[in-house]
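Below is one structure, written out as structure tokens; the observations come after it.
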Number of protein chains: 2
Amino acid sequence: MYRTHTCGELRISNAGETVTLAGWVQRARKLGGMTFIDLRDRYGVTQLVVEADADPVLVETASSLGREFVLQVTGTVVERESKNAKMPTGDVEIRLEQIVVLNKSVTPPFTIEENSDGGEDIRAKYRYLDLRRPPLQRALALRHRLAQEVRTYLDSQGFMEIETPYLIKSTPEGARDFVVPSRMNPGQFYALPQSPQTFKQLLMVAGYDRYFQIVRCFRDEDLRADRQPEFTQIDCEMSFVEQEDVLNMFEGMMRQMFKNAVGVDIPNPLPRMSWYDAMDYYGSDKPDIRFGMKIHEITSLAQGHGFGVFDSVPYVGAICADGLGSYTRKQVDELTEWVKRPQVGAKGLVYIRVNEDGSLKSSVDKFFSPEDLAAIAGALEAKKGDLILVLCGEKRKTQTQLGVLRIELGNRLGYRDPKVFAPLWIVDFPLLEWSEEDGRFYAMHHPFTAPKPEHEAWFYSDKKEDLERVCANAYDFVLNGTELGGGSIRIHNADMQARMFEVLGIGKEEAEYKFGFIINAFKFGAPPHGGLAFGFDRVCALFGGQETIRDYIAFPKNNQGRDVMIDSPSLIDEAQMQELCIVSTVPAET
Amino acid sequence: MYRTHTCGELRISNAGETVTLAGWVQRARKLGGMTFIDLRDRYGVTQLVVEADADPVLVETASSLGREFVLQVTGTVVERESKNAKMPTGDVEIRLEQIVVLNKSVTPPFTIEENSDGGEDIRAKYRYLDLRRPPLQRALALRHRLAQEVRTYLDSQGFMEIETPYLIKSTPEGARDFVVPSRMNPGQFYALPQSPQTFKQLLMVAGYDRYFQIVRCFRDEDLRADRQPEFTQIDCEMSFVEQEDVLNMFEGMMRQMFKNAVGVDIPNPLPRMSWYDAMDYYGSDKPDIRFGMKIHEITSLAQGHGFGVFDSVPYVGAICADGLGSYTRKQVDELTEWVKRPQVGAKGLVYIRVNEDGSLKSSVDKFFSPEDLAAIAGALEAKKGDLILVLCGEKRKTQTQLGVLRIELGNRLGYRDPKVFAPLWIVDFPLLEWSEEDGRFYAMHHPFTAPKPEHEAWFYSDKKEDLERVCANAYDFVLNGTELGGGSIRIHNADMQARMFEVLGIGKEEAEYKFGFIINAFKFGAPPHGGLAFGFDRVCALFGGQETIRDYIAFPKNNQGRDVMIDSPSLIDEAQMQELCIVSTVPAET
């Protein structure tokens, strides 16, 4: 071992000890005749000092050090004259007797500190240097801690981690697969899994009862911001359970993760909200409940006053932003432009301001009497100084627009503190979605999701309105406006599965072609089962109080799916392609 | 929850309780008017009984059950009249009050019991049914336990599990890569990692200090028996360590795994053997030390007696098989044929039998006096009733042949009990191997492995014989004749790396082309570091007392790299290939 202690370990109680440390030179500076060196490793930073009257060779070596040199140093722990309360090691420094330069470093292309001066591109190229920075070290340490907590909890609950294959089969459904040509089976391809869904259901058929895996998944999608072609899931499945069992089990897991990894107590039990309520009151199936500002339907109050815009639509909804009554006309106009952008898609915005004197001012004063406006303000429980914002149109679409506006205002009002955690379950999703365009139902989750037992009569009904109100035994775990995971109780009964295909208009042949393998496996005694999966990259980022996942992945890819550090993907040899029986259609020059 | 207890849980102390179980029908049989049902889940088997005078509907349902039906049953725990001491639940049975058939099963194609009547192919096709069998359930449970032990131990030692990417870059060196065409970067390919070697060394450069990962690796090799195209490694790396630190850390890990997963205490410290001793005494760099029967060099005793075969070779070696003096002439002839097979490659076999009366009989009596033979027998410490077997030729080749013969005799003599565990470290590997054919040195491990510090002078010498005796800071973990893992201390110093390339005859340009990326990263302050990797599939199999890894992988591939259960690899759509800018050169018919 090159060291007796780490750079984060020494305290005043170690004073007088002779110690050996190893690490990187954060910085070295001369002060009078003395040299001060900050030595850094994963565990912290310790100040080293070479006295002016020290051995000349030592002084000489200390003077020659550059940033990021790797040192092994030996010296005596002494109490500092000017202590640094910000550092755990800030009470002491090491008076050096020896410096061994284990390795030199060329000058790094950016500063390796809490905040770097390097741009995103250069830091991506030298990721191994960016990874030395404390925020990234904390991010990966948190990720490790969370993975350990997941495993410890699930192990204690009788779950087995079972590895499923990465070289599997391409499926005609869903997102695009990454494929892998097989040399031993010319002309044929493996696919990389988008999720281990089929395998985990097979493990339930195989009797494994409680399965989990922290597993890489792959999707060849055009990358939106903060999507990665490879990502990690906490994938879980249980047998002989109902929805209630799954929710209890996994909120227990989350509770332990919050407690042990970030020291936060989350409510017990967690709040649950139906999908319908989430849409009606938050305009989103992943509501951020760190703040109120709920959506109110005011259709009946808004209609019948001669304002054609309200009178001609099925739905009028509003939110009340506290304190924004101070917004100027210009600011309200800016907000109106904001909701009219294609990303939101509203036609316009009506406001009602509650003045400090209690009077009301709105953009539709022409149509609404002060009493009419007061009725609306009353419905929203608006106070003096608040600003009511109204949108209208088709119900769900308008709610969604109000939901987006709500989040924007939450940001502006500072209601979205990333260190505050407000998790909840969304339950009672509709099982089916009617497509006007195609004149048929689609499965909202997937075609193996079971209807709620109490809705089975509707599920077997021929009436569209009955089928529309069937809820699924499906659930999402939502944190601070982000869906972290979700799952469902699966159909395990052949008759119910056949009915599902019938409802979805999937014929026997098509079902056989698309799902034949799993349907066949289910004939051999499939148990009732259900499960869920969490997006682990996103879990880590949110627990760390960040919105982007990139810092929580050691070696991420950019938006073009490239690893710019290793410069991948890349061309391969012609001979390699020949062995794989493939030819590239891209001319060699490109 | 569909159950109050598992099928492995109930004991005599539960007698009188009303319980609900869920599981699969192992078998159902009528005895008099009663029906006995064995209900199975992952946790065990419980006997259910339906009395002749029970509710007729219940009796009727009990009569209709087939193998592998999925049941939920409720009843009272009663003490059995005839107890079954072989089952943990064998003292009780459940007198049923209700049976709910959760799912039926078609008749499975083989019996789902400790030993199945199904052949390998049919069991592979219905892997999800084979996985219901207790030996496979035990295998995967052991695998889970071992993975947990690895993680708990390494976490307690300050290691961080850090996930490295699966979509990386194809490298011109080493085994064949699996490649993945990139749609977003037409004409370019990712490769699947053969190991995370580069990334773990970068993590050391990045200051992560103690890294591990249980990670899938991929090699597109022609599959020998018991090789899989995807396999799992326990991959580890540490900074600021010497070889001694690595060995201590990971034998600690193995000690905890043995103790906690299989209840075995292994020696502390573990034996260590130099590569030279392993070759000289066991004819193998992965010696099975569960038994002796060491190889003895008897060149000086064997030569000079006029036996040309011995006199014309550089090396004569022998092993002494205790008790095999009773082998008949025919048996010895058979052994001679066995060593002459191409898999062993010996030219012939000389024997010396120590008769029960102490006299000696050999196949070379013509050349050797009784005193000559007695000298050899004495050197081997042969006892009455032993059989000495002698091979000769080039030294290492002959030792290897003796090593193979030793293992065969160990098997015949029952010395290789899979429940006995004899782990050890092999150390002091030669750094370099001279190729007569190419007239140059090759790295025995890989070109980043460091020479032992005490051999550095030889490493910088120009003499071939100096270079040949340089030992590496490399080590293998060997268990019962199988290498379970290995690694090395890496070169972190640019000058030493340059010298290594010089010794290997790799020019600057070639080094830059092949290893440029990692060499460049090392310029920014690489710490001294080293690590190792264990083959996790093999670890699981050996801990489980098996030689083959297939039962320790949930969904393995066959020797053609196929998953016969999901029928993969398979053809993919033309449109999919077009998107990926590749064309298959295999005609569509095949």
Side-chain angles (χ1 to χ4, degrees), chain A residues 1-3 22 24 42 68 70 103 105-106 108 128 131-132 140 144 148 155 160-162 165-170 178 180 182-190 202 205-207 209 216 220 230 240 245 521 523-527 554-555 560-561 566 568-570 572 581-586, chain B residues 1-3 22 24 42 68 70 103 105-106 108 128 131-132 140 144 148 155 160-162 165-170 178 180 182-190 202 205-207 209 216 220 230 240 245 521 523-527 554-555 560-561 566 568-570 572 581-586:
Chain A
M1 207 70 87
Y2 281 70
R3 64 187 172 207
W24 286 262
R42 183 183 118 196
E68 303 304 321
V70 187
N103 224 339
S105 172
V106 298
Y128 47 88
L131 282 170
R132 284 185 190 167
L140 295 188
H144 165 68
Q148 274 298 111
D155 181 51
M160 281 167 63
E161 184 159 27
I162 300 175
Y166 281 118
L167 296 172
I168 66 163
K169 190 176 180 169
S170 195
F178 282 105
V180 181
S182 166
R183 181 181 55 84
M184 292 176 76
N185 302 272
Q188 300 188 14
F189 293 78
Y190 301 101
L202 287 177
V205 174
D209 203 88
R216 204 70 52 84
D220 186 12
E230 50 176 315
F240 301 119
D245 305 311
K523 289 180 186 156
F524 293 93
F555 300 101
Q560 285 75 51
I566 58 171
S568 162
S570 63
I572 60 172
C581 297
I582 55 171
V583 169
S584 172
T585 61
V586 179
Chain B
M1 207 71 86
Y2 281 71
R3 62 189 174 206
W24 286 262
R42 183 184 119 194
E68 303 303 321
V70 187
N103 224 339
S105 173
V106 298
Y128 47 88
L131 282 171
R132 285 185 188 165
L140 294 189
H144 165 67
Q148 273 298 111
D155 181 51
M160 281 167 64
E161 184 160 27
I162 300 175
Y166 281 118
L167 295 172
I168 65 164
K169 189 176 181 169
S170 195
F178 282 106
V180 181
S182 166
R183 181 181 55 84
M184 291 176 77
N185 302 273
Q188 301 189 14
F189 293 78
Y190 302 100
L202 287 178
V205 174
D209 202 88
R216 205 70 53 83
D220 186 11
E230 50 176 315
F240 301 118
D245 304 311
K523 288 180 187 157
F524 293 92
F555 300 101
Q560 284 75 50
I566 57 170
S568 162
S570 63
I572 59 172
C581 296
I582 56 171
V583 169
S584 172
T585 61
V586 180

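These numbers were taken from a predicted model, which means no experiment stands behind them. Convention: sequence-line order gives letters A, B, ...; per-chain numbering from 1. Side chains included, hydrogens not; waters and symmetry mates left out as well; all remaining heavy atoms used.
When A:R3, A:K523, A:E230, A:E68 are compared by the number of non-hydrogen pairs under 4.5 Å with chain B, A:E230 comes out ahead. With chain B as partner, the option from A:V180, A:D155, A:L140 having the largest number of non-hydrogen pairs under 4.5 angstrom is A:D155.
Taking every heavy atom of both residues into account, A:Y190 and B:G561 meet most closely at OH-O, 2.6 Å. A:A526 approaches B:V70 most closely through the heavy-atom pair O-CG2, 3.9 Å. Summarising the geometry of B:K169 relative to A:S570, their closest heavy-atom pair is CG-OG, 3.6 Å, with the distance given to 0.1 Å. Nearest heavy-atom pair across B:G187 and A:S584 is CA-OG, 3.7 Å. The heavy-atom pair separating B:D209 from A:R42 by the smallest distance is CB-NH1, 3.9 Å.
Atom CG of B:L202 and atom CZ of A:F555 lie 5.5 Å apart (nearest 0.5 Å). Here the straight-line distance linking atom CZ of A:F524 with atom OH of B:Y128 works out to 5.0 Å at 0.5 Å rounding.
Interface residue B:E161: backbone and side-chain heavy atoms are both found under 4.5 Å from chain A. Using a 4.5 Å cut-off between heavy atoms, B:M184 contacts chain A through its side chain alone, with no backbone atom that close. Residue contact with chain A, scored on non-hydrogen atoms closer than 4.5 Å, involves the side chain of B:I162 exclusively.
Ring-plane geometry between A:W24 and B:F240 is classed as perpendicular, the angle between the planes exceeding 60 degrees on a 0 to 90 degree scale with a lower cut at 30.
Residues B:V586 and A:Q188 are not in side-chain contact: their nearest non-hydrogen atoms beyond the backbone lie 4.5 Å or more apart. By the 4.5 Å heavy-atom criterion applied to side chains, B:L167 and A:F178 are counted as neighbours.
A search for salt bridge (Lys or Arg N to Asp or Glu O under 4.0 Å) contacts involving B:R183 returns A:D220, A:D222, not counting sequence neighbours.
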